[in-house]
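Below is one structure, written out as structure tokens; the observations come after it.
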Protein chains: 2
Amino acid sequence: MLELAILGFLYDAPLHGYELRKRIAALTGHVRPVAESTLYPAIKRLEKAGLLARTTEPGAVAAPRHVLTLTEEGRTELLHRLAEPAQRDITDENRWFTVLAFLRHLPDPAAQAAVLRRRLAFLQEPASFFYDGDRPLAAEELDDPFRQGILTIARATSRAELTWLRATLDSLGG
Amino acid sequence: MLELAILGFLYDAPLHGYELRKRIAALTGHVRPVAESTLYPAIKRLEKAGLLARTTEPGAVAAPRHVLTLTEEGRTELLHRLAEPAQRDITDENRWFTVLAFLRHLPDPAAQAAVLRRRLAFLQEPASFFYDGDRPLAAEELDDPFRQGILTIARATSRAELTWLRATLDSLGG
DNA sequence: GGAAGATACATCGTCATCGAGGTATTGAAA
DNA sequence: TTTCAATACCTCGATGACGATGTATCTTCC
């Protein structure tokens with residue numbers, strides 16, 4: 001997830017670590033903050049893997065900056081991660097939103113649509129958080145108001161997303 | 001999160017690990033599967049911390065079962081984790097849903113309401129995923145249809161949850 | 001003059017999670 | 001009859017994330 005965000009931001013323009021940190025904080029920070037001690041090692045990993053290159057520039061204000069640029073392999077890797085996300089990136093909303101945030105980088109609308117269809121398929125599966133045997137329970141069937149809340153919220157999300165998915169799939173050209 | 005779910009399920013009744021696994025899979029598995037190699041060490045951790053005790057019973061079908069029971073410290077710990085969740089448990093929907101799933105275990109409606117109010121406060125903060133400087137951007141201000149989607153979905157979720165939160169806070173007795 | 005906060009990057013130890021693999025039994029399907 | 005799926009638990013190595021802490025500079029405010 002973090003790695004996808006790093007690659008995604010760098011696809012547009014080279015950035016230094018600190019700026020990257022601010023962008024990632026803006027994107028997902030209010031939900032899931034990213035510690036510096038997570039970001040810098042992640043950058044090193046990607047650099048070591050040859051996905052990004054580093055050049056040192058004098059700092060605008062303080063310490064020198066390490067400006068990060070995607071390599072050709074980095075661009076390829078980003079496109080691959082966007083075109084074929086792990087199932088987890090499809091089902092987990094946090095991860096899914098990160099995929100969505102950078103999906104525009106995929107050059108082919110058909111490839112974008114394919115990713116959206118995977119999410120569509122996931123949302124169309126009959127699934128709940130609570131079951132009576134194998135049967136998924138609806139909010140109305142629960143006593144617990146908090147568990148009712150979970151289902152109410154999840155259903156609202158699901159509806160909004162299905163509407164958006166279908167409209168977007170349409171406009172991507174069927 | 002996983003630990004909260006384990007404690008939460010065991011609060012109702014003693015269970016063996018395999019059954020626990022199935023319940024956790026039902027609760028959050030469609031979004032975030034939990035590997036066995038994560039669950040069993042987590043059980044051991046909690047046992048080592050004195051939060052749960054284990055007794056061996058002959059297996060109904062195959063291998064012997066290790067039936068897990070919450071200790072008194074385990075019950076106290078669960079109630080503490082529910083009454084005072086980390087900020088992360090409030091902001092991250094996955095974690096928040098787990099808190100909600102077991103919030104009924106808190107004996108005091110006022111304590112339940114206090115937790116809901118923390119979520120309410122979080123949702124009322126002006127936050128987006130995308131900014132123009134410091135100003136949060138609305139879906140309509142974005143070109144990217146995928147980023148529009150993120151905001152559209154997040155807004156629908158937020159609205160549904162705010163409605164539910166206010167109604168539930170009311171019914172918990174103001 | 002000094003403290004605080006932003007800029008800018010880094011390391012360290014710890015811990016949670018994961019995938020791969022292992023052990024053993026029972027019942028059903030091929 | 002062999003194989004598969006389910007039951008039931010476990011270990012191991014790798015990795016990724018985290019909090020704490022450190023280093024250094026510059027600006028702003030008191």
Side-chain angles (χ1 to χ4, degrees), chain A residues 1-7 14-26 28-29 31-49 51-52 54-68 81 86-89 91-92 94-95 98 133-134, chain B residues 1-7 14-26 28-29 31-49 51-52 54-68 81 86-89 91-92 94-95 98 133-134:
Chain A
M1 254 335 68
L2 178 56
E3 294 184 2
L4 185 62
I6 293 171
L7 297 176
L15 297 171
H16 56 275
Y18 197 79
E19 174 63 24
L20 206 41
R21 179 163 149 66
K22 286 197 288 184
R23 303 230 179 162
I24 291 170
T28 57
V31 170
R32 235 173 212 281
V34 171
E36 286 197 0
S37 52
T38 306
L39 176 64
Y40 287 113
I43 290 171
K44 285 208 168 171
R45 275 204 304 282
L46 296 174
E47 194 189 359
K48 204 174 159 191
L51 306 182
L52 48 86
R54 172 192 304 235
T55 58
T56 302
E57 279 184 15
V61 176
R65 295 166 165 176
H66 293 184
V67 177
L68 309 164
R81 290 191 193 204
Q87 190 56 21
R88 207 153 264 216
D89 299 334
T91 63
D92 184 331
N94 291 322
R95 290 167 171 267
T98 307
D134 278 344
Chain B
M1 251 338 64
L2 177 56
E3 293 184 3
L4 184 62
I6 294 171
L7 297 175
L15 298 171
H16 56 277
Y18 197 77
E19 175 63 24
L20 206 41
R21 179 163 150 66
K22 286 196 289 185
R23 303 228 179 165
I24 291 170
T28 56
V31 171
R32 234 173 213 283
V34 171
E36 285 196 0
S37 52
T38 306
L39 176 64
Y40 287 113
I43 290 172
K44 286 208 168 168
R45 274 203 305 280
L46 296 174
E47 194 189 0
K48 203 174 158 193
L51 305 183
L52 49 86
R54 172 192 305 236
T55 58
T56 303
E57 279 183 14
V61 175
R65 294 167 165 174
H66 293 182
V67 177
L68 308 165
R81 290 192 194 203
Q87 190 56 21
R88 213 159 259 214
D89 299 335
T91 63
D92 184 330
N94 290 323
R95 289 168 172 266
T98 307
D134 278 344

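Just so it is clear: chains get the letters A, B, ... in the order the sequence lines come, proteins before strands, and each one is counted from 1. Note that the coordinates shown come from a computational prediction; the quantities given were computed from them, not determined experimentally.
- Counting atom types as modelled, Ser37(A) pairs a side-chain N or O with a base atom of dG19(D) as donor and acceptor under 3.5 Å.
- Listed pair Arg88(B) / dA17(D) fails the phosphate criterion, with no side-chain N or O lying under 4.0 Å from OP1 or OP2.
- With respect to the salt-bridge test (charged N to carboxylate O, under 4.0 angstrom), the residues Glu47(B) and Arg54(B) qualify.
- Within the structure, every side-chain polar atom (N or O) of His16(B) is placed at least 4.0 Å from both OP1 and OP2 of dT7(D).
- Distance from the side chain of Lys44(B) is smallest for dT11(D) among the nucleotides dC9(D), dC9(C), dT11(D).
- For Ala63(B), the listed nucleotide lying nearest its side chain is dA8(D); candidates were dA8(D), dC18(C), dT7(C).
- Considering only the side chain of Val61(A), dT7(C) comes nearest among dC9(C), dC18(D), dT7(C).
- Map Pro41(B) and Ala62(A) each onto its nearest nucleotide of DNA chain D; the residue landing nearer the 5' end is Pro41(B).
- The NE2 atom of His66(B) sits 13 Å away from the C1' atom of dA24(C) (whole-angstrom rounding).
- Rounded to whole Å, the distance from CG on Asp92(B) to P on dC18(D) is 11 Å.
- Note: CD (Gln87(B)) to C1' (dG19(D)) measures 17 Å, nearest angstrom.
- Remark: Ile6(A) CD1 to Leu51(A) CG distance equals 10.5 Å, nearest 0.5 Å.
- At dC10(D), none of the side-chain N or O atoms of Tyr40(B) fall inside 4.0 Å of OP1 or OP2 (strictly under the cut-off).
- Set against dA10(C), dA16(C), dT7(D), the side chain of Glu3(B) has dA16(C) as its closest nucleotide.
- Results of the side-chain contact (heavy atoms from CB on, under 4.5 Å) test with Leu2(B) over Ile43(B), Thr28(B), Thr98(B), Ile24(B) single out Ile24(B) as the only residue that passes.
- Pro58(B) comes within 4.0 angstrom of no nucleic acid atom, judged by non-hydrogen atoms across all strands.
- Using a 4.0 Å heavy-atom distance criterion, Arg21(B) is classed as making no nucleic acid contact.
- Comparing dT7(C), dA17(D), dC18(C) by their nearest atom to the side chain of Leu2(A) picks out dA17(D).
- The pair Arg65(A)-Glu19(A) does not count as a salt bridge, with every side-chain nitrogen at least 4.0 angstrom from each carboxylate oxygen.
- Remark: C1' of dT7(D) and CG of Leu20(B) are 15 Å apart, rounded to the nearest angstrom.
- The phosphate of dA16(C) has neither OP1 nor OP2 within less than 4.0 Å of any side-chain N or O from Arg32(B).
- Between the CG atom of Leu39(A) and the P atom of dC9(C) there is a distance of 9 Å, given to the nearest Å.
- When each of dC9(C), dC9(D), dC18(D) is scored by its nearest atom to the side-chain atoms of Thr38(A), the top-ranked nucleotide is dC18(D).
- Spacing between atom CD1 of Ile24(B) and atom P of dA16(C) amounts to 15 Å, rounded to whole angstrom units.
- For the atom pair Arg32(A) CZ and Thr91(B) OG1, the distance stands at 8.5 Å (nearest 0.5 Å).
- Listed nucleotides: dC9(C), dA8(D), dC18(D). Nearest to the side chain of Arg65(A): dC9(C).
- Side chain of Ala35(B), nearest nucleotide from dG19(C), dA8(C), dA8(D): dG19(C).
- Straight-line distance from the CD atom of Glu36(B) to the P atom of dC10(D): 10 Å, rounded to whole Å.
- Summarising the geometry, atom CG belonging to Leu52(B) is positioned 13.0 Å from atom NE2 belonging to His66(B); distances are rounded to the nearest 0.5 Å.
- Atoms CD1 (Ile43(A)) and P (dC9(C)) sit 8 Å apart, rounded to a whole Å.
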